[in-house]
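Keep in mind the model is a prediction, meaning the values are calculated, not measured. Lettering of chains follows the sequences in order, A, B, ..., and the numbering in each one begins at 1.
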Amino acid sequence: MFEIAAVISIASEGIYLNISESKGGTIKKIEYLYQPLNIGQETFNYGRISFKKVDKICKILDNYKQLIKDYAVRNVKVVGTTALREAKNITFILDQIKSRTHFDVQVLDDPQEKSTIYKAMLLKINNSVFKNDRLFLGYIGTGSLGIAICKDRKITYSQNVRIGSVKLLEILRSFQSDSENAYRIINEYLSSFVKTIKSIPDIHRVEHFITCGQEIENIIKMSGGRLDTEFQSIPVKTITDLFDKIKTNTPEQIGRKYNLPDHDLESLLPSMGIYKMFFNIIEVSPIISVPVKLSEAILLEMFSNDDFKEISRVFAESTVISAKNLGLRFLYDEEHANQVEKLVLILFDLLKPKHRLDKRYRLLLQLAAILHDIGKFIQLKNHSEHSANIIKGTELLGLDQRETEIVASVAKYHSTKFLLSDDVNLQKLEQKDRLVIAKLLAILRLADALDRSHSSKVKDIKVQIKSRKLKLKIISDQRILLEKWSIETKSEFFEDVFGLKPEITKE
Amino acid sequence: MNLDSYDYYFNRELSWLAFNERVLDEAFSKSNPLLERLKFLSISGSNLDEFFMIRVAGLKELVSVGYSGRDAAGLSAKEQLDAISKKVHHLVKKQYVCLNKLLLPKLQKEGIRFLSEKDLNSNQYAILNDYFNSTVFPVLTPMAIDQGRPFPQILNKSLNQAVIIENEKKEKLLAIIQVPSVLPRFIRIFDKDDEKNMNFISMEKLIKLFAKKLFTGYKILSIHPFRLTRNSDLSIDEEEASDLLEEIEKSLRQRERGFPVRLEIEKNSSSIISNILFSMLALSNDEVYEINGPIDLSSFMDISTIEGYENLKYKPIFPQQPPEFVGKKSKFDVIKKRDVLLHHPYQSFKSVIEFLDEAAEDPNVLAIKQSLYRVSGNSPVVKSLMKAAENGKQVTVLVELKARFDEENNIQWAKKLEKSGCHVVYGLVGLKTHCKILLVVRKETDGIKRYVHLSTGNYNDKTAKLYTDIGMFTSRESFGADSSALFNVLTGYSQPPEWKKFSVAPGSLRDAFIQHIESEIYNSKENGNGRIICKNNALLDKEIIKALYRASMAGVKIDLIVRGICALRSGVKKLSENITVYSIVGRYLEHSRIYYFENAGNPKIFLSSADWMPRNLDRRVETMFPIEDERLKEEIRDILDLMVADNVKARIQKENGDYVIKKHQGVQSVESQEALAQYYREKNQKHFNDKPEKSKFRSKKNEVDF
């Protein structure tokens, strides 16, 4: 049998509909519609979306609904990106859309958008000869630039730089410069990012430059290339030559010359500027374009596709790796972190019937365990608060905002008192999430206590639940007095959450 | 070489008139049955009516706004009008020679007689007297004209009688009687004494016969019919006049509708009458046509289709079912495996209806989308779509309301469709949807499957019996994707994508044509084997003509089978020596559009809804699609070969723009339309003969497909 699903993507420049079917691991596009609508312009200039625009959005969504009906699609997702995300009146806009079209629009946050794209890129790369090489992944979003380093199909580093094509355009507009000078401003502005990007670990050892997106596809089109292949290589020189040829042209001139649609034109030069900046840092040619679009990437998540599940699993590993790399950058106690990570995972799995949390939370707990002490880099006092701030400030790969908030909160309260409602930040989270945090926190504190001496005494652990007691049998070749004491002082919270009193014995 | 030279182009209007003369020539042709000849004559008449209402009226407006532009042939609007008048005067003379000298005497011999007052016996007179009193008299409104009363509004295309009457004081007066259009133009006189003949009298003669009943107290001095053609007001159609409209609008003049463009008046009418009409209607001499016989030949259409007299009509042909479908329960199953071509009217339109019906009932069908441009009243297509919607299918119908005529009728069935639950969309603003496309989305066990029918002609079961058109069924994925995308464009849901197989106007169609021509030029230069065959209805687009000239100069051999207007001048030394222009005018209206490019031995063949006219390429949504199935390609090649070989109904354009029948001494005569009917009969026979015995019996049953 086959599955069919639809994704509507409300982007800055217009609205897309992608209806695809999945069968035996292959995904076939059935319908792909695009209706231009400049939503970003309102958001980026005025910070809000007008109701007039909402009318237009709803009209397009209604039309798309007819097509969704044509194919009797039940599995439908409507997502919004930067233009919706950054509108201050988004709550009202979404409510309007909901009441008029019955569509629930899910606004993707930036990291979510990027990790969805990365996963789709990795899935394509999975079929390539270079899949295990060190790859640089670049994705120019409208709001920010996603860059990542990948080795053996695992992302070792990722970063979102706030220089998306539309952001650059805003800067250009604020200069109100003529087209003759636009590219100079782009160059100058981008040069301030060069240092940051140059300091990315391993960036000089990158073997392939992989990218995707509308901009690179337009560049391929303009240089006479074809778009119907899985991978498309473009020599760097082709792009730089093209840039030199058109850098002083107005978007209108470019449109006429290359027969490109209007909505793609404005962001073209800024995007090419970004590519040029990368070429100065990463000396790899040709660069490789993989045909990945956001709507397609989201469809992958909607289908029960085995290859994609595997990618997602590997991707979670990437998240862990990138957390550890973050730890390294903050000179964390690697041994302690590893030990606590090991222990929380054992405890999480053993306590499964008690906490009833799914695998995704296992990952969040794992991250919290890795990163709970990195705030010590700043100051020992209040270190857990610093840990939380670092976590929130770095956008962990593959985590959305809510998940990041959970990881940060777990780290934040690992050494202080935790009350279910006393923290302003916690109040932002839903009751459900506060409970999750409490459960994860209880496990983390227990694990942390089990390595109180930071010397990885515990080799393994056996758990037994017996009449309101959590009996922990420690396997270790060292004395565990400190840990015992620590457990006794910190077990109260665990008992509060799970109704079990931890007891520690050594085997 | 200046390819813009006036010498290289024919004027559009004169080329069209030449086409109409070819239609008229069919009325002269002894090879056609008598009533069919009458029909050709009638068509040549109604064609002219439309030509005056739209083209001549448009040119007249151009003159009146002082437009100074010239056409591709270098003629100003005034010069065109003069040339048209000259040519039409010649045509009209020819029409009535045909009618009076050839057709009426022959009809008389066959017992179809048109009587005059002197021919009537007393019995017939009595019958007509009764008919006049009971039926005609009540609907007649004679209007006298004098200082107190204004000249009455003479309706467009209406037949009128101008009557000079005299009162007791010997004062002469002009009166006008409109010949009622609600009554038949020719009244059959059922005379018991003369049953072997079919006797008719024309309405104007009948009115003349009893006119004294209308003017009691007056003496009738003379009575003569006349007919006025006006700039058609309501029915003006951008389709025919858009190029002129643009120019007119540029001149910023409020368009005045309904002005007279032609006066037809009975020959030997009293000069008083013609003088009054002349001055009242402000017409010039050139615009008046003296008619030697019944005015308005289009009214003979009713006679030509009269019941009985089968020996005077074409033998009926029985449209075949495509052999691929015969005996198959499901068309989906057939189309899933291979493309199927449908060539109307040789093959039946029924297959399309059956396909739709199957889709309407099939539980796996999710959605049906169709473009409807002109459908027949009570159309089975509309019925099937309604049924599908009632069965819960998602039905999207793209209705083009600007389609000529039957506006009222169009709106009615569009509403009916909506009521039954169809999703009705009314075309794109400013663009007429002319492509013919039907898409069925079906959910099958291995995924979504799309079935497409594309055609050169409308989804009209009636015209599918009279027009030659080619349709194709396919389930090719790229065609399905393009079809879906095309509907998304037509419904305004999406921007045009990059087409996989289609070329679509406006946008990429002209470029596609020119690209194919260019590649033949390349092949000719490189390998000396450039070859183009085009079969369509009109060639007017200058860019394409220039490309064809360049191709001819490069040695590409070009056959253009263009039914109507052709602005390209063939056979000019060093310019178009390699181009031959054919025009086939026959029993069926040639309507299919086929474009063949040799492509160095690997032919590219396309079907399209578009002619080579600017209006097709710029102001309409049109499609062109490739034929990819090798068997279908062969079939199209066979069709084109037969057309090029036609030496009975095909005329060849001479350098001066005249068209002549090919000389075929010593060569077997080929009439392509007949040959094609034979071709499809044989195809079916061959199909059944190849089958095991049992099917032979079945073939008989299936061969006839009414």
Measure [X] against the heavy atoms of chain B and call it side chain, backbone, both or neither at under 4.5 Å.
X: A:L17; answer: neither
X: A:K59; answer: neither
X: A:K69; answer: both
X: A:I30; answer: both

Quick one: what part of [X] sits under 4.5 Å from any heavy atom of chain A, side chain, backbone, both or neither?
X: B:T396; value: side chain
X: B:K369; value: side chain
X: B:S484; value: both

Requested in this report: Check the pair B:D446 / A:F2 against side chain to side chain contact (heavy atoms under 4.5 Å, CB included), numbers first and verdict last.
Outcome: CA-CA 6 Å; B:D446 53 349; A:F2 67 98; 5.9 Å; no

Requested in this report: Name all residues meeting the side-chain hydrogen bond (donor to acceptor under 3.5 Å, both in side chains) criterion together with A:E301; count only those two or more places apart in sequence or in a different chain, and write none if there are none.
Outcome: none

Is the number of heavy atoms from other residues, nucleotides or ligands under 6.0 Å of [X] [atom1] greater than 12?
X: B:K500; atom1: NZ; result: no
X: A:K245; atom1: NZ; result: no
X: B:Y522; atom1: OH; result: no
X: A:K29; atom1: NZ; result: yes
X: A:K65; atom1: NZ; result: yes
X: B:E477; atom1: CD; result: no

Query - Options B:R450, B:K443, B:H423, ranked by heavy-atom pairs under 4.5 Å with chain A, top entry - result: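 Among B:R450, B:K443, B:H423, the one with the most close pairs to chain A is B:R450.
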
Requested in this report: Sort out for me which of B:G480, B:G492, B:G447 touches chain A most, counting heavy-atom pairs under 4.5 Å.
Outcome: B:G447

When rounded to the nearest 0.5 angstrom, what distance separates [atom1] in [X] from [atom2] in [Y]?
X: B:Y493; Y: A:D62; atom1: OH; atom2: CG; result: 9.0 Å
X: A:N63; Y: B:N488; atom1: CG; atom2: CG; result: 9.5 Å
X: A:D70; Y: B:L439; atom1: CG; atom2: CG; result: 9.0 Å

Using modelled atom types and a 3.5 Å cut-off, is there a donor and acceptor pairing between side-chain atoms of [X] and backbone atoms of [Y]?
X: B:S494; Y: A:Y34; value: yes
X: B:Q495; Y: A:L33; value: no
X: A:E21; Y: B:I448; value: yes

**Report entry** Residue among A:Y32, A:Y71, A:Y64 with most heavy-atom pairs under 4.5 Å to chain B
**Finding:**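 Sorted descending by pairs with chain B, the first entry is A:Y71.
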
Report task. State whether A:K221 and B:E498 are salt-bridged, where the test is any N-O pair (Lys NZ or Arg NE/NH1/NH2 against Asp/Glu carboxylate O) under 4.0 Å. Result -> yes

